[in-house]
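The figures that follow rest on heavy atoms only: side chains count, while hydrogens, waters and symmetry mates do not.
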Amino acid sequence: MVRVAVGSSALVVGLNLNTVSIAFADMRADSFKGESLAALGWVLSVYTIFFGALLVPAGRLADRLGRRTVFLWGLVVFSIGSFVAGLGPLLWVVIAGRVVQGVGAAAIVPSSLGLLLDATPLHRRATATAFYSGLSSLGGALGPTVGASVVKFASWRWSFLLSPVIAAVSFAFGRTSLPRTTANRKATLPDVIGASIIVVMLMSLSLAIVQGRSWGWASARVDLAFAVAVLMVPLFVIRSRRHPSPVLPLRLFSLRSFACANIAAFTFGVSTGAVLFSNVQFLNVVWQRSVFQSGLGLLPLALTAAIVAPFAGRLGARFGERAVAVPGALVIAAGIASYRLLATGEKAYIAHWLPGCVLFGAGLALTYPMIAAIAVRGVPSAELSVASASNRTALQIGNAVGIAVVIAVLGDPRGPEALGSFRRAWIVMGVGAVVTALAIVSVESARRTTSSGRTGLP
């Protein structure tokens with residue numbers, strides 16, 4: 001029952017981002033006529049930014065108030081944000097709802113993963129982490145297809161209103177099955193100022209990248225936004241060094257596995273964060289498929305991820321996470337390269353599109369669960385929630401940067417030049433996947449076989 005509660009929460013958080021990706025065309029046509037892709041892009045970006053910035057503070061809060069309490073309240077906040085976004089009459093209200101969703105998701109992830117790890121024997125924690133991360137990745141892969149079905153038979157608003165249904169299932173199982181964890185009132189309060197610095201940094205960076213084309217890359221507004229983002233970096237480092245419970249625990253970077261896993265999570269986020277969004281746009285704009293057809297066009301990606309995901313943890317336990325994650329990242333790069341090389345204006349789905357879906361789905365299921373497992377390798381039990389949340393923060397920051405970069409590269413793709421814009425975007429994502437593989441290569445192998453033939457992982 002513990003796995004049902006935390007697994008369904010991982011699924012809904014992963015599903016939430018990409019059910020929205022498919023709804024953009026319907027949002028534009030139905031409710032927000034005249035809004036640019038850059039403006040609508042904030043519906044994706046603010047969720048990712050607040051989710052990533054608040055993950056570690058939420059983990060600290062879970063340690064102080066109890067993981068079960070924070071987990072259940074996170075589901076409530078997430079559901080409230082979903083209702084606000086789904087019912088919002090104006091774009092800014094939808095975006096505000098997404099901020100609330102991000103806050104709720106940030107509370108759900110570290111507390112639920114911490115509860116799962118607490119209920120898991122030491123030697124099986126890497127497998128449990130892979131299980132959790134695999135469900136999250138699967139949710140992300142299923143998002144466009146689920147979103148397309150919702151838009152087809154209801155409206156874009158249900159791409160938000162569907163989430164509380166799954167959250168309610170997680171809440172029901174959580175209340176009955178999750179053990180009551182002891183609150184540690186003496187635990188240091190989370191660093192809210194540090195989290196705010198990350199929000200300002202990512203909002204400024206995203207604003208500069210997304211608006212660079214329309215405002216002009218040399219304009220004063222873009223320069224100012226970039227300058228604010230750059231200024232936030234040393235401020236954040238100083239804050240993290242001085243605060244007893246920083247957003248990013250710099251001391252954990254002395255562990256090579258933790259440092260490499262966070263670099264890999266960031267570049268993985270850059271390379272994969274906007275793939276489903278951009279691919280839906282490609283099918284809709286270049287191949288002129290309907291929203292429903294575009295979502296179904298990515299179904300093989302989700303099916304492949306679903307088939308491969310159950311094997312990721314087993315392969316990692318047998319051969320070591322690095323031996324699985326490096327090929328996985330290269331398979332992602334191959335899938336993106338397939339889109340870049342094969343996809344043309346000709347609507348040849350099986351020959352030009354399907355290979356990329358299969359490769360990308362397989363790589364997605366293999367790679368991030370192993371990165372997440374590497375991040376907690378050798379980390380003391382007391383720091384497990386913080387380490388896993390830090391890794392997820394790196395992933396979400398990468399997602400935010402990736403989405404902003406791809407939106408900037410795509411612009412507002414229309415007409416014969418649209419194909420060239422998508423090809424440039426795929427190059428950016430492919431480079432990110434290759435860098436991910438390079439970051440993981442430097443991690444030492446974790447394979448340690450015991451006399452009984454079972455692989456023991458920390």
S.K.: Please collect all salt bridge (charged side-chain N to carboxylate O under 4.0 Å, His left out) contacts where either partner lies in residues 95-107, sequence neighbours excluded, each pair once.
M.R.: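 Not a single pair qualifies under salt bridge (charged side-chain N to carboxylate O under 4.0 Å, His left out).
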S.K.: Check this for me: Phe311, atom CZ, are more than 12 non-hydrogen atoms of other residues, nucleotides or ligands nearer than 6.0 Å?
M.R.: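 No.
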S.K.: Which residues satisfy the salt bridge (charged side-chain N to carboxylate O under 4.0 Å, His left out) test with Arg239, sequence neighbours excluded?
M.R.: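 Salt bridge (charged side-chain N to carboxylate O under 4.0 Å, His left out) list for Arg239, sorted by chain: Asp191.
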S.K.: Suppose we screen for side chain to side chain donor-acceptor pair (under 3.5 Å). Which residues come up paired with Trp353, at least two apart in sequence or across chains?
M.R.: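 Testing Trp353 for side chain to side chain donor-acceptor pair (under 3.5 Å), a comparison that skips the adjacent residues, returns none.
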S.K.: Using side chain to side chain donor-acceptor pair (under 3.5 Å) as the criterion, list what pairs up with Ser170, not counting sequence neighbours.
M.R.: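 So Ser170 forms a side chain to side chain donor-acceptor pair (under 3.5 Å) with Ser8.
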S.K.: Would you kindly say whether Gln281 and Ser278 are connected by a side-chain donor-acceptor distance under 3.5 Å?
M.R.: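 No donor-acceptor contact under 3.5 Å links the two side chains.
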S.K.: Are Tyr368 and Arg392 close enough that some pair of their side-chain heavy atoms sits under 4.5 Å apart?
M.R.: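 SC-SC contact between Tyr368 and Arg392 confirmed.
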S.K.: Nearest 0.5 Å, what's the CH2-OG distance between Trp287 and Ser294?
M.R.: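 So the CH2 of Trp287 and the OG of Ser294 are separated by 10.5 Å.
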S.K.: Tell me whether Arg67 contacts the main-chain N or O of Ser111 through its side chain, where contact means a donor paired with an acceptor under 3.5 Å.
M.R.: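 Not confirmed, Arg67 side chain does not pair with Ser111 backbone.
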S.K.: With a 4.5 Å cut-off on side-chain heavy atoms, are Thr272 and Met429 touching?
M.R.: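 Not touching, per the 4.5 Å side-chain cut-off.
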S.K.: A side-chain contact here means heavy atoms from C-beta on lying under 4.5 Å apart; do Trp42 and Ile403 qualify?
M.R.: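 A side-chain contact is absent here, since even the closest heavy-atom pair is not under 4.5 Å.
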S.K.: Checking Ser271 side chain against Phe268 main chain: does a donor-acceptor pair fall under 3.5 Å?
M.R.: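 Yes: the side chain of Ser271 pairs with the backbone of Phe268.
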S.K.: Can you list the residues that meet the side chain to side chain contact (heavy atoms under 4.5 Å, CB included) rule with Ile307, with sequence neighbours excluded?
M.R.: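 If we apply the side chain to side chain contact (heavy atoms under 4.5 Å, CB included) test to Ile307, skipping adjacent residues, there are no hits.
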S.K.: Check Val331, Val324, Ile332 against Leu366 for a side chain to side chain contact (heavy atoms under 4.5 Å, CB included) and give me the one that passes.
M.R.: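 Of all the options given, the one that passes is Val324.
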S.K.: Quick check on the 6.0 Å ring-centre criterion: do Trp92 and Phe32 meet it?
M.R.: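 Judged by ring-centre distance (under 6.0 Å), Trp92 and Phe32 do not meet the cut-off.
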S.K.: Which side chain to side chain donor-acceptor pair (under 3.5 Å) pairs, counting each pair once, include a residue from residues 76-90, with sequence neighbours left out?
M.R.: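 Non-adjacent pairs meeting side chain to side chain donor-acceptor pair (under 3.5 Å): Ser82-Gln101.
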S.K.: With heavy-atom distances below 4.5 Å as the criterion, would you say the side chains of Asn279 and Phe360 are in contact?
M.R.: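 Sidechains of Phe360 and Asn279: no contact.
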S.K.: Test of understanding: with salt bridge (charged side-chain N to carboxylate O under 4.0 Å, His left out), list the residues that count as partners of Arg424, not counting sequence neighbours.
M.R.: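 Salt bridge (charged side-chain N to carboxylate O under 4.0 Å, His left out) check on Arg424 returns nothing, list empty.
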S.K.: Can you tell me how far CG of Leu90 sits from CD1 of Ile95, rounded to the nearest 0.5 angstrom?
M.R.: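 It comes to 10.5 Å.
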S.K.: State which residues pass ring pair (Phe, Tyr, Trp, His ring centres under 6.0 Å) with Phe51; sequence neighbours excluded, sorted by chain then number.
M.R.: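 Expected list: Tyr47.
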S.K.: Only counting residues at least two apart or in another chain, list the ones meeting ring pair (Phe, Tyr, Trp, His ring centres under 6.0 Å) with Phe422.
M.R.: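 Only Phe282 meet the ring pair (Phe, Tyr, Trp, His ring centres under 6.0 Å) criterion with Phe422.
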S.K.: Between Arg377 (side chain) and Leu255 (backbone), is there a donor-acceptor pair under 3.5 Å?
M.R.: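 Between the backbone of Leu255 and the side chain of Arg377 there is no qualifying donor-acceptor contact (under 3.5 Å).
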S.K.: Listed by chain and number, what are the ring pair (Phe, Tyr, Trp, His ring centres under 6.0 Å) partners of Phe266, not counting sequence neighbours?
M.R.: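 Per chain and number, Phe266 pairs via ring pair (Phe, Tyr, Trp, His ring centres under 6.0 Å) with no residue.
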S.K.: Return the CG to CD1 distance between Asn399 and Ile49, rounded to the nearest 0.5 Å.
M.R.: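 Those atoms lie 11.0 Å apart.
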S.K.: Indicate yes or no: at least one non-hydrogen side-chain atom of Ser9 is less than 4.5 angstrom from one of Phe78.
M.R.: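 SC-SC contact between Ser9 and Phe78 ruled out.
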S.K.: Report yes or no: does Arg68 contribute a side-chain atom to a donor-acceptor pair with the main-chain N or O of Arg175 at less than 3.5 Å?
M.R.: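 Present.
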S.K.: Does Leu65 reach the side chain of Trp73, with side-chain heavy atoms less than 4.5 Å apart?
M.R.: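 Not touching, per the 4.5 Å side-chain cut-off.
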S.K.: With sequence neighbours left out, write down each residue that passes side chain to side chain contact (heavy atoms under 4.5 Å, CB included) with Ser196, or none if nothing qualifies.
M.R.: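 If we apply the side chain to side chain contact (heavy atoms under 4.5 Å, CB included) test to Ser196, skipping adjacent residues, the hits are Val192.
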S.K.: Going by side chain to side chain contact (heavy atoms under 4.5 Å, CB included), name the residues that satisfy it together with Val435, two or more places apart in sequence or in a different chain.
M.R.: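 Side chain to side chain contact (heavy atoms under 4.5 Å, CB included) list for Val435, sorted by chain: Thr267, Val431.
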S.K.: From Ser257 OG over to Ile440 CD1, what is the distance, rounded to the nearest 0.5 angstrom?
M.R.: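 Here the rounded value is 12.5 Å.
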S.K.: Going by heavy atoms in the side chains, are Glu321 and Ile374 under 4.5 Å from each other?
M.R.: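 Of all side-chain heavy-atom pairs linking Ile374 with Glu321, at least one is under 4.5 Å.
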S.K.: Contact between Val270 and Val405 at the side-chain level, heavy atoms closer than 4.5 Å - yes or no?
M.R.: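 Sidechains of Val405 and Val270: no contact.
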S.K.: Calculate, to the nearest 0.5 Å, the distance between atoms CG and CG belonging to Asn262 and Leu395 respectively.
M.R.: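 These two atoms lie 10.0 Å from each other.
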S.K.: Sub-3.5 Å donor-acceptor pair from the side chain of Thr367 to the main-chain atoms of Leu364, do we have one?
M.R.: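 Side chain of Thr367 to backbone of Leu364: no pair is present.
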